[in-house]
Amino acid sequence: MTRFTLVVPVYRVQSYLSECLDSVLGQDFTDFEVIAVDDCSPDGSGELLDAYVARDERVRAVHLPENVGLGLARNAGLERARGDYVLFLDSDDTLTPGSLRAVADRLAETADPDVLIYDYARTYWDGRRRRNQLAHLLRLPDPRTVLGLADRPELLDLLQIVWNKAYRRDFVERAGLRFPPGFYEDAPWTFGALISARGIALLDRVCVEYRQHRTGGNILGTVSRRHFDVFDQYERLFAFLDARPGLAVWRPALFRKMADHYLTILERPGRLPPDARAEFFHRAAADYAARRPAGFTPPPGSARYKYALLARGSYAALAGAGLAVKARASVRRRARGAARHSGRGAMSAYYRARLHAPLDENLAVFSAYWGRGVACNPAAIDAELARLAPHVRRVWAVRAEHAGRVPRGVEHVEVGSRAYWSALARATYLVNNVNFADAVVKRPGQIHLQTHHGTPLKTMGLDQRKYPASTRMDFDRLLARCDRWDYSLSSNRYSTAVWERVYPASYTSLETGYPRNDVLVNATAADVRRARRELGLRDDATVLLHLPTHREYQSEFVPRLDLARVAAELGPDVTLLVRGHYFYAGSERLDGARASGRVLDVSAHPRVEELYLAADALITDYSSAMFDYALLDRPIVILADDWDVYSAVRGTYFDLTAEPPGAVVRSEDALVELLRSDGWHDGAATALRAAFRRRFCAFDDGRAAERVVRRVFLGERELLPFVPYEERRRAPSPAEVAALAERTGTA
């Protein structure tokens, strides 16, 4: 026998599931099993579960063939439970450290009661944490006391949730507890368990952290007719009560909970569609009349008035009271808004005027890297859009100092100009790999596509709050920008999970692959040969691309290698291409290294993908370039000389030195020694790269740009299927191109 079974229903939680399961598996009490039920989740949650099953024998996964909803998914886990006690945990929530030990100890102290209630705290996306406001109900003079519900009936006032309790499994069977379908499924289970339990123990300790999503997350934040499900749930609860005459004493209390619940749904904004409110009220009033116990006395205060409106079926009076409250709130909001805008002229009068002009359904505005030119994912999408939808006019927003980098024939507007503001006001499509200016207004009908510009190793978005030394970001303004997004691109499920967590907004994640990487899959021998010749590289040279990342604690580009020395040590057949991060200007040390003729500064090269194609291998530190370059299946060397400092100051999502895409060195001397040997491209390095590619190059099959254009611009609902990993093309390496030329006699 196992002491605890934790049932974890799983649906669309790939961004939070690891944190949830890690919080369970890391407990110091270990006598438990986890039954995780994949409710036919359309994201990567099921695959993630299988990975945990492979790593820890305490985890069992159940994959349901169709989506059945939260309650029935819990039942599927409950049917397989083997523990003395069953606990439920939602897959976006977490257990606090030591909580299972505390639960086990309290159960032992109280001789295994039917139900143990423990506490929770709400945790918010902005870092706030707030404990349950009714925590005092869990306190007893002697915590080892076992109660009946009659000893503390106020326990019915606790939030109607199942996951703050441990249930004896034989009690669950004896009481006939099962979850119903539909929303609000916790109500019949929770009330049924409390009124049926012969013994209830209490634990005044926060054991669960209840995640509060910024947007969406559950039915409580959804405007829907599904809130009508609550009527079915209370019908089930009262049927449960009717079948057990010995529990009739609880009818008045449960009637009060029913009325309160109905009124809460009616009064809370963002639940019922406006045209459904009157219908909901009249159904609530009918239930009130049908189930009102004889001699029932409504509670005192304002609730008495609301109960009276339900008893009379007077929706007009309830709606009138609500309108008055809304009117007062609206006045306060307008006053705050006026005060906020009086001190700043965020948008020009011209832009405000253009916002009233009709949207141009065939206009798309592109931008990349804060207006630095035509590049990255937006550029690849632009090219594919020209092929598939040439009727769409494509305009690039470029800062004046970078206008000279715009290719001939590409229409562009200078950032800040009247043409720029006019295009932003009227374009139906806005595409960027960063964010447009804060002053940009998201108009109804506009579609914002966030492409991102790399797979994240370093912390991003809200996660940067944990590393204040690395950022001065205004997170409120960041989230306001994210709220404009309609789509967020991803090149792998790992990235999707990061983006959805650190940029919490109501966009749709598009797992398409990165459009800029299509060329790395589709390139031919001619493309590789051309890339090298445009850089003046010999066919027989070994070309190493050194691409270090930005460091927030460095104000200028400081090469971490003595490039001239490395070039000299490696000999005349090796050429180093060096590309500094775009945040940095040039470096005098880099200028000196170029004198050898075998160190080329390619920082200003307009397309990094061409550099990838030209290089035989990549030497980087922590740049996201490694995730893209891995597509070429060419050697990657990680120079991690300052990993401890970088990971502590900037924060990273995994230990790159433990899960690298190739060989790892810690110093310049070690790098030179490695490159003189076979270690940079031997079997061990190749195996590391293969595992890395499997993890991070899952969606990049050469058709990413086409997927994006068909989905976003052409409105196709289904994404193109991915080419199976084993069947994907790979651009030939420079060595393979040279060998082919020698065999065929081509130049």
Side-chain angles (χ1 to χ4, degrees), residues 88 103 106-107 109-120 131-168 171-172 174-177 184-208 230 233-265 284 287-288 291-304 306-307 310-311:
F88 298 95
V103 169
R106 182 54 49 86
L107 290 173
E109 293 168 351
T110 53
D112 286 3
D114 287 341
V115 177
L116 169 68
I117 306 175
Y118 41 85
D119 207 9
Y120 64 92
R131 190 173 180 179
N132 165 32
Q133 293 179 338
L134 297 179
H136 62 277
L137 295 179
L138 302 180
R139 296 168 194 152
L140 292 167
D142 182 353
R144 294 168 298 181
T145 302
V146 178
L147 305 171
L149 184 60
D151 299 318
R152 188 163 287 191
E154 307 95 300
L155 292 174
L156 290 174
D157 293 331
L158 292 171
L159 189 64
Q160 298 161 26
I161 47 178
V162 304
W163 43 255
N164 69 333
K165 303 172 184 72
Y167 310 87
R168 273 181 65 107
F171 158 70
V172 169
R174 184 175 71 246
L177 295 174
Y184 298 108
E185 73 292 327
D186 283 12
W189 172 287
T190 301
F191 291 137
L194 290 177
I195 65 176
S196 301
R198 297 170 186 167
I200 299 173
L202 305 178
L203 176 59
D204 180 20
R205 184 190 194 279
V206 171
C207 294
V208 177
V230 74
Q233 306 300 15
Y234 279 97
E235 182 177 345
R236 293 182 176 104
L237 175 61
F238 280 94
F240 181 90
L241 193 63
D242 292 340
R244 295 161 177 81
L247 300 178
V249 65
W250 295 110
R251 187 175 298 276
L254 295 179
F255 175 80
R256 178 176 60 85
K257 297 306 298 182
M258 179 196 77
D260 288 344
H261 202 165
Y262 290 174
L263 287 168
T264 296
I265 294 172
D287 276 6
Y288 189 95
R291 297 191 179 126
R292 181 174 181 174
F296 176 78
T297 301
S302 61
R304 182 180 293 272
K306 297 173 185 176
Y307 275 47
L310 275 179

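Quick note: residue numbers are just sequence positions, from 1. On a predicted model such as this, the values are computed, not experimentally measured, just so you know.
Heavy-atom neighbours of Glu235 CD from other residues, nucleotides or ligands within 6.0 Å: at or below the threshold of 12. More than 12 heavy-atom neighbours from other residues, nucleotides or ligands sit within 6.0 angstrom of CZ on Arg174. Within 6.0 Å of the CZ atom in Arg144, the count of heavy atoms belonging to other residues, nucleotides or ligands does not exceed 12.
Contact detail for Pro113 and Val146: the closest heavy-atom pair is CB-CG1, 4.3 Å. Summarising the geometry of Pro293 relative to Pro252, their closest heavy-atom pair is CG-CA, 3.9 Å, with the distance given to 0.1 Å. Of all heavy-atom pairs between Leu138 and Tyr118, the closest is CD1-C, 3.9 Å. Minimum heavy-atom separation, Asp151 to Pro153: C-CD, 3.7 Å. Across every non-hydrogen atom of Leu247 and Ser196, the tightest pair is CD1-OG, 3.8 Å. For the residue pair Val162 and Tyr167, the shortest heavy atom distance occurs at O-OH, 3.0 Å.
Ring pair Tyr288/Phe296 is perpendicular by interplanar angle, where above 60° counts as perpendicular and below 30° as parallel.
Interatomic distance, CZ of Arg152 versus CG of Asp157, reported as 12.0 Å (0.5 Å rounding). Of the inter-residue distances, the one linking Ile117 atom CD1 with Ile161 atom CD1 reads 10.0 Å to the nearest 0.5 angstrom. Interatomic distance, Leu137 CG to Leu156 CG, rounded to the nearest 0.5 Å: 10.5 Å. The distance from the OH atom of Tyr307 to the CZ atom of Arg292 is 10.5 Å, given to the nearest 0.5 Å. Distance check: Thr145 OG1 to Ile200 CD1 gives 13.0 Å after rounding to the nearest 0.5 Å. With rounding to the nearest 0.5 angstrom, the CZ atom of Phe191 is 12.0 Å from the CG atom of Leu241.
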Open item on the list: Using salt bridge (charged side-chain N to carboxylate O under 4.0 Å, His left out), reason through Asp260 and Lys306 one step at a time and then give a plain yes or no.
Closed with: CA-CA 9 Å; Asp260 288 344; Lys306 297 173 185 176; over 6 Å; no
Open item on the list: Run Leu134 and Glu154 through side chain to side chain contact (heavy atoms under 4.5 Å, CB included) and show every step you take.
Closed with: CA-CA 10 Å; Leu134 297 179; Glu154 307 95 300; over 6 Å; no
Open item on the list: Is there a side chain to side chain contact (heavy atoms under 4.5 Å, CB included) between Asn164 and Asn132? Walk through the geometry before answering.
Closed with: CA-CA 11 Å; Asn164 69 333; Asn132 165 32; over 6 Å; no
Open item on the list: Between Leu194 and Trp250, does the side chain to side chain contact (heavy atoms under 4.5 Å, CB included) criterion hold? Intermediate values first, please.
Closed with: CA-CA 10 Å; Leu194 290 177; Trp250 295 110; over 6 Å; no
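At least one side-chain heavy atom of Arg304 sits less than 4.5 Å from a side-chain heavy atom of Thr297. Contact of the Pro143 side chain with the Arg106 side chain is registered, since non-hydrogen atoms from C-beta on lie closer than 4.5 Å. Within the 4.5 Å cutoff, no side-chain heavy atoms of Leu254 are placed close to those of Arg291. Looking at heavy atoms from C-beta onward, Gln160 lies out of side-chain contact with Gln233 at the 4.5 angstrom threshold.
Between the Arg244 side chain and the Ala175 main chain, a donor and an acceptor come within less than 3.5 Å of each other. Checking side-chain atoms of Arg256 against main-chain N and O of Pro298 turns up no donor-acceptor pair under 3.5 Å. Using modelled atom types, no side-chain atom of Asp287 and backbone atom of Ala284 make a donor-acceptor pair closer than 3.5 Å.
With sequence neighbours left out, Arg131 forms a side chain to side chain contact (heavy atoms under 4.5 Å, CB included) with Asp119, Ala135, Arg139, Asp204, Val206.
Under the 6.0 Å cut-off for aromatic ring centres, Tyr262 and Tyr234 qualify, their centroids lying closer than that. You'll find the ring centres of Tyr120 and Trp163 inside the 6.0 Å limit.
The side chain to side chain contact (heavy atoms under 4.5 Å, CB included) test with Leu202 is passed by exactly one of Val115, Leu147, Thr110: Leu147.
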